[in-house]
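Here's the structure we're looking at; comments come further down.
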Amino acid sequence: MAGGMTGPGHQPELLVLDSAAQAAEAVGRRIGAELAAGRAAVLGLATGATMRPVYAWLAQAGVSLRCATTFNLDEYVGLAPGHPASFAFFMREHLFSRVEHDPCRIFLLDGLAPDLEAEAARYEAAIHAAGGIGLQLLGIGRNGHIGFNEPGAPFNSATRAVTLAPSTRAANQQDFPPGEPVPAQALTVGIGTILRSREIVLLATGPAKAAAVAAALTGPPGPHCPASALRLHPSVLVVCDRDAASGLGPRASEGAE
Ligand code: GLP
């Protein structure tokens, strides 16, 4: 299948913890280990409510991003970095204002770029120049999206402009001021780019993610469920709380700690 499930399948490692706070801490510790001893880590970073406690943990643990290069996964088209619903704003508020970092090595997609294709190409080139992403952090959408790769996105897709699914726009409406619509388009790092990361950590918490997690890990793989692409990667850790793992059945208790 072109752009679909090709190559050997892999079974992501699964870690199920009792609470969302414990799951976020486990992910925070994994990122902290990547940054330990001033290693020149290249991190792929995600936004969303799921990530807030991860970044809070990193901030209270006093980690430093001084030697790290970071690439955020996505941004709304048409939003300035000062817009409170922009992912640039989210990252400043939850992470970059709270941990030491080198502003020259923080990469964000520019939602105001006049030429979206050129912006996507610039980002791909910057990831390549940094030596590729080492550790990629991911959340998951209720429809199985990763970044803003919505259902139907090819598994070999590069960074590009995409049209958001109506369900994603509805889910994210809460982040926007009343009466202001969620943008119809976004820029996102592609699934193919995500799959070239050395290692991937996906965090899912809460009952609203249970169906997406189950579809990603145990359903038929394919572009209808973007997160199922992670089964093409040899080094994926999926960290869930019990609610998000509740659709996995016996496999979840096997993976439980
Ligand atoms: C967002 C982001 C994703 C994120 C997902 C889940 O819109 N584009 O990167 O993983 O939706 O967000 P939340 O953690 O708020 O449920």
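Counting starts at 1 for both ligands and their atoms, following the listed order. Below, all heavy atoms of this structure are taken into account, side chains as well, without hydrogens, waters or symmetry copies. Nothing fancy with the numbering, it's 1 onward along the sequence.
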**Asked** So is A46 close enough to ligand 1, meaning a heavy atom under 4.0 angstrom away?
**Response**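 Distance cut 4.0 Å: A46 fails for ligand 1.
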
**Heavy atom of H145, distance to ligand 1 below 4.0 Å** =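 Yes; H145 lies near enough to ligand 1 that a heavy-atom distance drops under 4.0 Å.
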
**Asked** If you measure from CZ on F96 to CZ on F89, what distance do you get to the nearest 0.5 Å?
**Response**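 One finds 14.0 Å between CZ of F96 and CZ of F89.
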
**Prompt:** Do any nitrogen or oxygen atoms of G147 lie less than 3.5 angstrom from nitrogen or oxygen atoms of ligand 1?
**Reply:**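 The answer is yes, given that G147 and ligand 1 share an N or O pair closer than 3.5 Å.
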
Please list, in number order, the atoms of ligand 1 under 4.0 Å from a heavy atom of [X].
{"X": "F148", "result": "7 (O), 8 (N)"}
{"X": "G139", "result": "10 (O)"}
{"X": "T50", "result": "13 (P), 14 (O), 16 (O)"}
{"X": "K209", "result": "6 (C), 13 (P), 14 (O), 16 (O)"}
{"X": "G48", "result": "12 (O), 13 (P), 14 (O), 15 (O)"}

**Request:** Take atom CZ of R142 as the centre, draw a 6.0 Å sphere, and report whether it contains more than 12 heavy atoms from other residues, nucleotides or ligands.
**Result:**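 No.
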
**Item:** Whether over 12 other heavy atoms sit under 6.0 Å from E180 CD
**Value:**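 Enclosed: over 12 neighbouring heavy atoms sit under 6.0 Å from CD of E180.
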
**Asked** Among L203, D74, N72, which residue places a heavy atom closest to atom 9 (O) of ligand 1?
**Response**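 It is D74 whose heavy atom sits nearest to atom 9 (O) of ligand 1.
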
